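Since the model is a prediction, treat every value here as computed from it, not as a measurement. Note that these values count all heavy atoms, side chains included, but never hydrogens, waters or copies made by symmetry.
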Amino acid sequence: LEETGQSAVAAADGTDHLGGDYLSVLDLIELKLFTVAEVLEHLAVFIGYCKFHSLHLTGIVPHFSEKARGRRGDKFPAPGRPFCGIIGSATNQRSRFACREARKGNSMNEKEVAELRRRFRQDRSGISHVRGCYVNQNGEIISQFDQSLGLMTQEENDKILGLLKKTLSGTLGKNLLDITFETQQVVSGAEHKLLMTLRNSQLQDEEAVQEFFQKVIGAVQMETNYLVLLVHDAYDVPYKAKDGEELEDSSSEVYSYILCSICPIKETKPALSYSVQENQFHNLSPDWVVAQPEMGFLFPAFDDRSTNLYNALYYSKDVQDVHETLIDALFHTPAPMPAETQKATFASVLSDTLGEECSYQVVQAVHDQLCGLMEDHKESHEPQPLVVGKREVRQALAANGVSQEHMDAFEGKYDESFGADAQLSPRNLVDPKRMELKTADVTIKVNPDRSDLVQTRVLNGVKYILVRVEEGVELNGVPVQIQE
């Protein structure tokens with residue numbers, strides 16, 4: 001089925017080379033894969049990719065099973081009629097399903113992540129069982145399991161769901177990183193095909209599950225034993241009215257996804273306990289417990305509250321090390337630059353290119369510019385994550401008198417370090433809650449809202465950092481007076 005689906009996707013994608021913006025009639029595409037309703041997701045993505053933004057579709061009439069039709073609700077036409085092609089007309093109408101625009105490269109926003117996080121409760125979750133394996137530090141599988149959550153106690157159930165939920169925690173752009181597949185990977189990539197097989201089989205394809213475990217084990221290096229947890233869920237996405245209210249009895253689609261959590265196994269320390277019933281002290285021996293996940297991912301992405309087969313959401317607890325080998329093994333895409341590396345690289349780009357013009361005032365202006373954009377974005381309640389590029393930084397540089405030569409050097413170094421016209425999260429470049437000045441012997445921490453209290457001066461050839469004092473000066477907790 002996957003091979004057939006990829007061939008059909010390639011055919012749809014190929015129409016782009018024929019000038020898809022102006023076609024009114026598409027040639028007949030023989031899609032025997034329509035026997036399974038999930039394949040329509042591929043067609044939706046690639047019709048959008050081919051830029052048929054104003055296409056009115058009149059001829060999608062697939063065969064599909066009663067089981068698939070029942071699960072997908074009334075989204076598909078009645079079965080029993082052959083697929084006869086796609087007829088387009090130059091109208092402004094759009095099919096609710098097939099003309100959904102492709103969202104290649106888009107990221108999930110905080111509201112969409114939060115919506116999925118709310119699924120990880122016993123009264124909301126559709127997860128029926130959890131698959132996984134226990135791996136020692138030598139990369140050997142000690143045991144495998146496929147346990148039903150229905151047979152666990154409520155406390156065990158809560159802890160399993162809590163571990164999985166943690167894989168969707170943290171900050172977008174820092175802990176939660178967007179992974180984007182290229183078109184060719186979606187069409188014929190082995191990594192994407194494996195993830196689709198796991199998802200479509202609801203983790204029942206044993207060969208695919210074992211291949212996945214081996215990919216993870218080959219890429220993960222831990223100094224301790226660890227668990228690989230893998231679950232599947234089908235979320236009947238409630239339709240949202242224009243006022244944002246969710247209509248629980250109305251579904252927009254079923255979002256089918258897999259989620260993986262990789263959790264280290266840590267040894268507890270020996271301790272002394274006291275039993276009230278026995279009125280005695282007891283020694284507690286060390287034991288092994290499952291710790292919070294170090295890494296994991298969600299596939300496919302839940303973008304615009306809908307399935308996005310082009311993207312996955314990757315989790316890394318450590319913002320300095322995103323485990324590039326695992327990203328390459330699972331997705332075969334370049335790993336996003338870690339947040340801490342972005343910050344250090346950005347600082348280096350500024351200092352290396354501005355030279356003597358990299359003054360306190362200029363750096364502070366860049367900081368204020370980015371913090372101001374973050375504050376405006378927060379007040380606007382815009383759901384999409386804020387990203388900035390070299391243009392926003394250049395505005396701050398130009399406003400503070402930086403020369404054209406140095407601004408051009410900054411742009412060139414920016415493109416070299418991050419990629420041409422790269423868009424970055426400003427959270428990864430500056431900290432709006434922290435302002436710190438450091439010399440070899442002195443560290444000054446300043447409330448970011450009162451940066452106006454700090455100035456730099458050169459007096460009689462000596463460089464100074466001046467801090468205007470208003471009241472309440474203390475030295476090691478002792479109030480001191482500053483004499484005139």
Side-chain angles (χ1 to χ4, degrees), residues 103-107 109 171-183 310-311 314 319-322 324 327 333-380 382 384-438 446 448 451-452 454-456 463:
R103 294 178 299 279
K104 182 178 179 182
N106 285 7
S107 305
N109 60 47
T171 304
L172 286 169
K174 288 189 174 182
N175 306 98
L176 296 172
L177 306 174
D178 184 57
I179 301 293
T180 301
F181 291 99
E182 295 296 330
T183 302
Y310 271 117
N311 293 67
Y314 179 82
V319 298
Q320 299 185 31
D321 181 10
V322 298
E324 295 182 15
I327 292 177
T333 62
M337 184 182 291
E340 290 299 314
T341 305
Q342 288 185 33
K343 185 175 183 179
T345 303
F346 181 72
S348 177
V349 169
L350 278 177
S351 62
D352 291 349
T353 59
L354 299 189
E356 69 279 1
E357 289 188 303
C358 190
S359 64
Y360 169 80
Q361 289 75 16
V362 169
V363 175
Q364 183 61 40
V366 172
H367 182 278
D368 291 345
Q369 168 86 344
L370 298 180
C371 289
L373 291 173
M374 284 188 277
E375 185 65 27
D376 292 343
H377 182 266
K378 181 179 179 180
E379 293 177 356
S380 71
E382 168 61 41
Q384 291 301 324
L386 174 66
V387 292
V388 298
K390 59 188 178 184
R391 181 178 65 86
E392 287 79 7
V393 179
R394 184 187 178 96
Q395 290 174 352
L397 299 180
N400 284 270
V402 174
S403 66
Q404 183 69 40
E405 178 185 356
H406 282 153
M407 286 192 292
D408 291 343
F410 166 79
E411 291 192 348
K413 189 68 173 179
Y414 179 97
D415 288 345
E416 178 185 333
S417 302
F418 297 108
D421 300 318
Q423 297 289 297
L424 307 173
S425 170
R427 291 179 180 177
N428 296 349
L429 306 180
V430 298
D431 186 349
K433 298 180 180 179
R434 179 172 174 266
M435 178 181 171
E436 184 177 276
L437 292 89
K438 296 181 68 174
V446 183
S451 60
D452 59 297
V454 181
Q455 297 181 14
T456 57
K463 300 175 182 177

Main-chain N/O of Val387 paired to His377 side chain as donor or acceptor, under 3.5 Å:
no

Are Ile327 and Thr333 packed together at the side-chain level, in the sense that at least one heavy-atom pair is separated by less than 4.5 angstrom?
yes

Are the side chains of Leu429 and Val393 in contact, using a 4.5 Å heavy-atom criterion?
no

Do Met374 and Val430 come within less than 4.5 Å of each other through their side chains, counting heavy atoms only?
yes

Answer yes or no: is there a donor N or O on one side and an acceptor on the other, between the side chain of Glu357 and the main chain of His406, under 3.5 Å?
no

Please step through side-chain contact (heavy atoms from CB on, under 4.5 Å) for the pair Arg394 and Asp408, ending with a clear verdict.
CA-CA 9 Å; Arg394 184 187 178 96; Asp408 291 343; 3.6 Å; yes

Measure the shortest side-chain to side-chain distance between Pro336 and Asp178 over non-hydrogen atoms and say whether it is less than 4.5 angstrom.
no

Taking the side chain as every heavy atom from C-beta outward, state whether Lys174 and Asn428 have any pair of such atoms under 4.5 Å apart.
yes

Considering all heavy atoms, the nearest Pro448-Lys433 contact
CG-C, 3.5 Å

If I compare all heavy atoms of Leu172 with all of Pro385, which pair ends up nearest, and what's the gap?
CD1-CG, 4.3 Å

Ser451 side, atom OG; Gln361 side, atom CD - distance, nearest 0.5 Å
10.5 Å

Approximate separation, where rounding is to 0.5 Å, of Glu392 CD and Leu386 CG
8.0 Å

In Å and rounded to the nearest 0.5 Å, what is the NZ to OG1 distance from Lys343 to Thr345?
12.5 Å

Is there a side-chain contact between Tyr360 and Leu437, using heavy atoms and a 4.5 Å cut-off?
yes

Quick check for you: to the nearest 0.5 Å, what is the distance between Glu340 atom CD and Gln342 atom CD?
10.0 Å

Could you give the distance from NZ (Lys413) to OG (Ser417), rounded to the nearest 0.5 Å?
5.0 Å

For the residue pair Phe346 and Phe418, categorise the inter-ring angle as parallel (less than 30°), tilted (30 to 60°) or perpendicular (more than 60°).
tilted

Under 3.5 Å, is there a donor-acceptor pair between the side chain of Tyr314 and the main chain of Val322?
yes

With rounding to the nearest 0.5 Å, note down the distance linking CD in Gln423 to NZ in Lys390.
10.0 Å

When you compare the side chain of Val319 with that of Thr171, does any pair of heavy atoms fall below 4.5 Å?
no

Would you indicate whether Glu405, at its atom CD, is surrounded by more than 12 heavy atoms from other residues, nucleotides or ligands within a distance under 6.0 Å?
no

